[in-house]
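The structure under discussion appears below in the form of structure tokens.
Side-chain atoms are counted along with the backbone in the values below, which use heavy atoms only and exclude waters and symmetry mates. These numbers were taken from a predicted model, which means no experiment stands behind them.
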Amino acid sequence: MRQITFSAATQEAMREEMQRDKNVFLMGEDIARQGGIFGQFKDLAEEFGNDRVRDTPISETAIIGGGVGAALAGMRPVVDMHFADFIGVPMDEIFNQMAKARYMFGGQAKVPLVLRAPDGMTRGGAAQHSQCVEAWFMHIPGIKVVIPSNPADAKGLLKAAIRSDDPVLYFEHKRLFSMKGDVPEGEFLTPIGKARVAKEGMDITVVSYSFYMNHVLTAADELAKDGISLECIDLRTISPLDMDTVYQSLKKTKRLMIVHEAVKQGGVGAEVAARAAEEMIDYLDAPIVRLAAPFVPIPYAPTLERLVKIEPEDICRAVKDMLGK
């Protein structure tokens with residue numbers, strides 16, 4: 001199978017969907033002129049023109065508000081947030097308009113809008129350009145939230161999001177854009193709301209998503225050398241959350257660990273752990289473990305930044321502690 005980057009996979013998804021449906025268009029800061037800060041929109045303006053690849057003013061409120069209006073009018077906008085860290089600026093447009101319009105109009109209106117939001121730590125990004133804020137949006141009914149961990153799902157989830165009649169937040173980790181991976185050729189979609197068993201195992205179920213899913217798989221390979229078998233689950237979507245896949249795994253492994261880059265307090269891991277405790281307590285042989293960042297802003301200094309990161313060796317250590325090895 002061919003290998004392409006995460007960035008190229010999302011670009012391919014955009015091209016295919018824009019060719020398939022004339023109502024799909026792009027808007028955001030510097031996406032026509034620059035091709036996107038990570039090259040994810042490169043050459044699309046030349047192919048589709050500035051009417052369908054629109055550069056906007058530096059106003060997140062105007063960008064999201066315009067996208068919501070276009071979606072209500074029958075278009076399928078894909079809106080680029082540039083950095084997820086800026087997503088707090090248009091929060092009213094997101095949680096009071098985008099999320100609620102279909103419900104408040106009794107299903108007579110649809111909001112088929114995709115909001116792309118690059119998130120996560122990059123080296124030296126510091127407190128205002130390194131955040132993972134996905135858990136905020138798990139708390140808002142009316143929005144789907146997807147977070148791919150690899151190029152294939154980057155393409156498949158983006159195509160599925162564009163075809164959704166409900167608004168979708170599409171978080172894409174900044175460190176994933178340059179990652180290469182297998183991507184099938186031709187038409188394929190990754191289903192929204194369905195987790196993937198990325199690696200089968202017997203000893204512990206480890207749940208993750210986005211960039212850290214790759215850390216989990218690296219740790220699984222290392223632990224296998226010591227005879228420890230991890231079952232690794234990539235959530236791919238955090239709202240709606242596919243707990244059935246997690247429950248099926250727990251019936252086998254009887255131990256659960258959740259790993260994510262966002263802060264531990266109030267994170268995705270807290271929701272997964274709570275549901276597992278409510279539904280699967282009779283199957284669990286050990287307390288649930290969450291590995292995540294401490295409750296602090298992301299530091300700029302490399303030495304301090306390392307203290308808030310979870311690396312594969314940290315996962316290996318936590319797994320061995322959980323198993324008493």
Side-chain angles (χ1 to χ4, degrees), residues 7-32 35-36 40-56 59-82 84 87 90 93-118 137 140-148 153-172 186-193 236-237 239-240:
S7 179
T10 65
Q11 181 192 33
E12 193 169 271
M14 286 303 319
R15 176 174 288 108
E16 290 177 7
E17 292 306 300
M18 292 177 78
Q19 289 171 344
R20 190 186 69 87
D21 186 345
K22 62 181 176 54
N23 290 320
V24 177
F25 75 98
L26 274 162
M27 60 190 295
E29 300 167 16
D30 297 325
I31 60 174
Q40 69 271 44
F41 306 115
K42 185 180 178 183
D43 300 328
L44 293 177
E46 287 78 1
E47 182 173 349
F48 296 100
N50 290 332
D51 283 343
R52 296 184 67 193
V53 183
R54 291 175 171 256
D55 281 338
T56 66
S59 171
E60 287 79 13
T61 303
I63 296 168
I64 303 304
V68 171
L72 287 169
M75 303 296 287
R76 290 187 174 271
V78 177
V79 178
D80 181 54
M81 186 48 59
H82 214 64
I87 207 166
E93 281 66 31
I94 295 171
F95 85 93
N96 266 335
Q97 311 304 329
M98 190 171 102
K100 295 182 173 67
R102 190 171 191 179
Y103 170 78
M104 294 183 72
F105 286 107
Q108 298 177 82
K110 297 185 294 186
V111 189
L113 181 153
V114 179
L115 198 168
R116 293 181 63 171
F137 302 96
I140 301 173
I143 298 176
K144 298 174 182 177
V145 185
V146 301
I147 313 185
D153 282 337
K155 179 179 178 180
L157 280 171
L158 183 53
K159 287 172 70 70
I162 292 170
R163 298 188 194 185
S164 171
D165 285 336
D166 295 308
V168 179
L169 263 66
Y170 180 95
F171 285 101
E172 44 196 335
E187 175 76 355
F188 78 96
L189 279 73
T190 299
I192 293 175
R236 303 197 294 195
T237 303
S239 187

- line: For residues 69-81, the side chain to side chain donor-acceptor pair (under 3.5 Å) pairs (sequence neighbours left out) are R76-D165

query: Any side-chain heavy atom of L158 within less than 4.5 Å of one from R116?
result: yes

- request: Would you check if the side chain of R52 reaches a backbone N or O of M18 as a donor-acceptor pair within less than 3.5 Å?
  value: yes

task: Determine whether more than 12 heavy atoms belonging to other residues, nucleotides or ligands lie under 6.0 Å from atom CZ of F188.
output: yes

- request: Show the numbers, then the answer: is there a side chain to side chain contact (heavy atoms under 4.5 Å, CB included) between K159 and R20?
  value: CA-CA 11 Å; K159 287 172 70 70; R20 190 186 69 87; 5.9 Å; no

- prompt: Between F41 and Q11, which heavy-atom pair has the shortest distance, and what is it?
  reply: C-NE2, 4.4 Å

- request: Look only at the side chain of K42 and the backbone of G36, and say whether a donor-acceptor pair between them is shorter than 3.5 Å.
  value: no

task: Mind checking the CZ-CG spacing from R15 to L44? Nearest 0.5 Å is all I need.
output: 5.5 Å

message: I want to check something: taking the side chain as every heavy atom from C-beta on, are E16 and E187 in contact at a cut-off of under 4.5 Å?
response: yes

message: Please enumerate all residues that pass side chain to side chain donor-acceptor pair (under 3.5 Å) together with R54, with sequence neighbours excluded.
response: none

Euclidean distance, D30 CG relative to H82 NE2, rounded to 0.5 Å: 6.0 Å

query: So do the side chains of Q40 and M14 get within less than 4.5 Å of each other, counting heavy atoms only?
result: no

Closest contact, heavy atoms only, P240 versus I192: CD-CG2, 4.4 Å

message: Rounded to the nearest 0.5 Å, what separates atom OH in Y170 from atom CE in M81?
response: 15.5 Å

- request: Start with the C-alpha gap between E93 and I63, add the side-chain angles, then the distance that decides, and say whether side chain to side chain contact (heavy atoms under 4.5 Å, CB included) holds.
  value: CA-CA 10 Å; E93 281 66 31; I63 296 168; over 6 Å; no

- prompt: So which heavy atom on A99 is nearest to which on P141, and how close?
  reply: CB-O, 3.6 Å

message: What I'd like to find out is whether the side chain of F171 reaches to under 4.5 Å of the side chain of V145, using heavy atoms alone.
response: yes

- request: Hey, could you give me the CD1/OG1 distance between I94 and T61, rounded to the nearest 0.5 Å?
  value: 9.0 Å

message: Is the shortest side-chain heavy-atom distance between I87 and L169 below 4.5 Å?
response: yes

query: With distance as the sole test, does D55 use its side chain to make a donor-acceptor pair with the main-chain N or O of I31 at under 3.5 Å?
result: yes

statement: Rounded to the nearest 0.5 Å, the CE atom of M75 sits from the CE atom of M27 at a distance of 11.0 Å

- request: Would you name the heavy atoms of A84 and A117 that are closest together and state the gap between them?
  value: CB-CB, 3.8 Å

message: Can you give me the closest heavy-atom contact between P191 and T237, atom names plus distance?
response: O-OG1, 4.5 Å

message: Can you give me the closest heavy-atom contact between N50 and A45, atom names plus distance?
response: OD1-CB, 4.0 Å

- request: Mind checking the CD-CG spacing from Q97 to L113? Nearest 0.5 Å is all I need.
  value: 12.5 Å

